[in-house]
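Here's the structure, in structure tokens; my notes come after.
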Amino acid sequence: MPDQPHSVSPGELRDFTALELRNALAAGEISAREVTEHFLARIEEMNPALGAFLLTTPEAALKDAAAADERFARGRPLGLLHGMPLAHKDLADVAGVPTTLGTAALPAYVPETDGPLPAVLRRAGAISLGKTQVPEFGLSSYSENLIGPPARNPLDPALSPGGSSGGSAAAVAAGMLPFAPGTDGGGSVRIPAAATGLVGLKPNRGRVPAGSGQSDLGQFVVAGPLARTAADAALLLDAMVAEPNFHATSAAPAGESFLAAAQRAEGRFRIGVSTLSPFSSRLEITLDPEAVQALEAGIKALAGAGHDVAEAQLSYDERYPDAFQTVWTAGLSTLELPDGGEERLLPITAAVRRRAQQRSAADLVTAIDVLRRFEQDTISAYSAYDMILTPALGQTPRPVGWYWDSSLEGDAQGLRDYDLQCQYSPFTSMVNVCGLPAITFPTHRTEDGLPMGIQLIGRPGCEAELLSVAAQLEK
């Protein structure tokens, strides 16, 4: 470490944004070891009540922190996230750390190498503190399974932080992490961000390396940041896209960093408002009053910031609900389980797996065709606007255990669970099908102090604009 005294005490760290913490580490105002010890202590104190982490890796984290401090002391080049603590969902492989995929039906395995996203963030200088709680195979919009305590919402531990990145969101919202990466295949970053009052960004398809707990036949899954501010989310996104990949350029369209775009917070856009869900053709989709209030607050704030906000006239293919479920769960049809493994699956996993196994190849091809046509038609309809505005969620955060009904027999429990999730989050999966970027952020607090927010869906590749608008509203 440099000779000058530290200007940041570990006790101050809980009030730092991720960007402020990154800058303090890069300036040598605090060491990576001090930061790592601080957040490990926060996890030890808070996690027993919140279940955000399935396991922590303090020895490996402190070893990595010592290496980071030595690198700083020798004057070697620092990564964008030098010394920054984070954690990975237990769907991602981290070298030497057990991966459970959130299931009791398969034995955990210990990978020898990092998966794509952990590898990118490790090279950026980030320090992983452990694995966070997820639903089984990342299937659900809540983070409960049979291998560990459920993840709980720090704002009200009786409630769920959502899923599938619920453990990571709970950790960030509780101050156990400054920010965290998540993966989003149907809303898995945006749902928990909305439930815990964070900024959650789903990037464009192919923008960053991602891993999924199941085969991603529909190309739905992309990794994205969970953070407390738009600038923090942009910083993490910059690290995620620091290395080019096959599908998208690594920088913001203007050639600047996503962080610079968030900090400039510029731009005025035409925004179309819609409360229509593609699940409406099969399910009754109704908005809680709090969801309506959050949407109205978002409209008022956007208009006040100078944006042109107007009602959008949209329609969706009524075949969407069945087609999405068919493609989303197709990977489960080839899931091989050991003896007794099927009995250890959650009801929803067992139910949709059996359905997937009963479908023919023709059924799957038809569903893929429906979704590809849906993608084309929806992007075309959205193109009349720069962004589409929807509620982030249809309902207030749900209680832990709310989706499980043991009184139902056979597959009825699992299929009811799936329907409840679609009603809770009726506006997110369509964005994954279309491959578009989207961001959620809070605009309203309920009488109980719970956050409710809005979702903005951008044009292809326009994450920078979404971050700019979120930053505008933060001001």
Side-chain angles (χ1 to χ4, degrees), residues 1 5-58 61-62 64-65 68-69 72 80-88 121 125-133 151-157 159 161 165-182 192-193 195-200 225-236 239 259 262 441-442 445 449-451 470-471 474:
M1 292 297 298
H6 299 170
S7 59
V8 177
S9 69
E12 297 177 83
L13 294 182
R14 70 181 62 189
D15 298 324
F16 270 39
T17 66
L19 180 59
E20 290 169 341
L21 181 59
R22 192 284 304 262
N23 291 344
L25 281 160
E29 296 171 356
I30 193 166
S31 70
R33 181 180 182 87
E34 289 171 320
V35 171
T36 301
E37 288 177 339
H38 167 80
F39 283 99
L40 286 172
R42 292 278 292 172
I43 295 167
E44 184 177 6
E45 174 191 356
M46 304 188 72
N47 194 63
L50 295 176
F53 281 81
L54 275 172
L55 63 88
T56 55
T57 53
L62 291 170
D64 290 344
D69 287 337
F72 186 98
L80 182 63
L81 300 184
H82 164 72
M84 287 293 289
L86 48 73
H88 295 283
L121 293 177
I127 296 171
S128 176
L129 305 189
K131 290 289 200 73
T132 58
Q133 179 63 295
R152 296 180 179 275
N153 196 320
L155 302 175
D156 182 347
L159 304 178
S165 306
S168 297
V172 175
M176 290 187 271
L177 292 172
F179 53 22
T196 57
L198 301 176
V199 175
L226 289 152
R228 289 191 288 272
T229 70
D232 288 354
L235 171 63
L236 184 51
L259 176 57
F441 50 92
R445 287 274 175 176
L450 297 175
E474 286 174 354

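Because the structure is a prediction, the values reported are computed rather than measured. Positions are given from 1 along the sequence. Reckoned from all heavy atoms, side chains included, excluding hydrogens, waters and symmetry mates.
- In this structure the side chain of Asn47 never reaches within 4.5 angstrom of the side chain of Thr56, judged on heavy atoms.
- Looking at heavy atoms from C-beta onward, Pro85 lies in side-chain contact with Val35 at the 4.5 angstrom threshold.
- Within the 3.5 Å criterion, the main-chain N or O of Arg42 finds no donor-acceptor partner in the side chain of Glu45.
- To the nearest 0.5 Å, atom CE of residue Met84 and atom CG of residue Leu235 are 6.5 Å apart.
- By the side chain to side chain contact (heavy atoms under 4.5 Å, CB included) test, Asn23 pairs with Leu19, sequence neighbours left out.
- If you take CZ on Arg14 and CG on Leu21, they are separated by 13.5 Å, rounding to the nearest 0.5 Å.
- Applying the side chain to side chain contact (heavy atoms under 4.5 Å, CB included) test to Ala61 and every residue at least two apart in sequence or in another chain returns Thr36, Ile127, Leu129.
- For the pair Ala169 and Pro192, the tightest heavy-atom approach, listed with the atom from each and the gap, is CB-CB, 3.6 Å.
- Side chains of Asp232 and Pro178 form no contact here, defined as non-hydrogen atoms less than 4.5 Å apart.
- For the pair Pro181 and Leu86, the minimum side-chain heavy-atom distance is below 4.5 Å.
- In this structure a side-chain-to-backbone donor-acceptor pair under 3.5 Å is missing from Arg228 to Thr17.
- For the atom pair CZ (Phe179) and CG (Leu236), the distance works out to 5.0 Å, reported to the nearest 0.5 Å.
- Residues satisfying the side chain to side chain contact (heavy atoms under 4.5 Å, CB included) criterion with Ala174, sequence neighbours excluded, are Met46, Leu50, Pro154, Met176.
- Side-chain contact check for Ile30 versus Leu13: some heavy-atom pair is nearer than 4.5 Å.
- Contact annotation: the side chain of Arg445 never approaches that of Leu450 to less than 4.5 Å [non-hydrogen atoms, C-beta and beyond].
- The shortest side-chain heavy-atom distance between Glu474 and Val199 falls under the 4.5 Å cut-off.
- The shortest heavy-atom contact between Ala180 and Ala87 is CB-O, 4.3 Å.
- In plain terms, the two heavy atoms of Pro442 and Pro451 that are nearest each other are CB-CB, 4.4 Å.
- If you check the side chains of Ser168 and Thr132, you find a donor sitting under 3.5 Å from an acceptor.
- Not counting sequence neighbours, the partners of Arg33 by the salt bridge (Lys or Arg N to Asp or Glu O under 4.0 Å) test are Glu37.
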- Item | From CA spacing to verdict: side-chain contact (heavy atoms from CB on, under 4.5 Å), Leu62, Leu40 | CA-CA 10 Å; Leu62 291 170; Leu40 286 172; 4.2 Å; yes
- Message: Between Phe53 and Lys131, is the side-chain contact (heavy atoms from CB on, under 4.5 Å) condition met? List the steps.
- Response: CA-CA 6 Å; Phe53 281 81; Lys131 290 289 200 73; over 6 Å; no
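- In this structure, His88 and Leu121 approach most closely via the heavy-atom pair CE1-CD1, 3.8 Å.
- Taking the side chain to side chain donor-acceptor pair (under 3.5 Å) definition, one finds that Thr196 meets it with nothing, sequence neighbours left out.
- The side chain to side chain contact (heavy atoms under 4.5 Å, CB included) check on Ala234 picks up Phe258, Leu259, Ala262, Leu467, with sequence neighbours excluded.
- When all heavy atoms of Ala227 and Leu198 are compared, the closest pair comes out as O-CB, 3.3 Å.
- When every heavy atom of Ser165 is checked against every heavy atom of Gly182, the shortest pair comes out as OG-CA, 3.6 Å.
- Atom CG in Leu25 sits 8.0 Å away from atom OG in Ser31 (nearest 0.5 Å).
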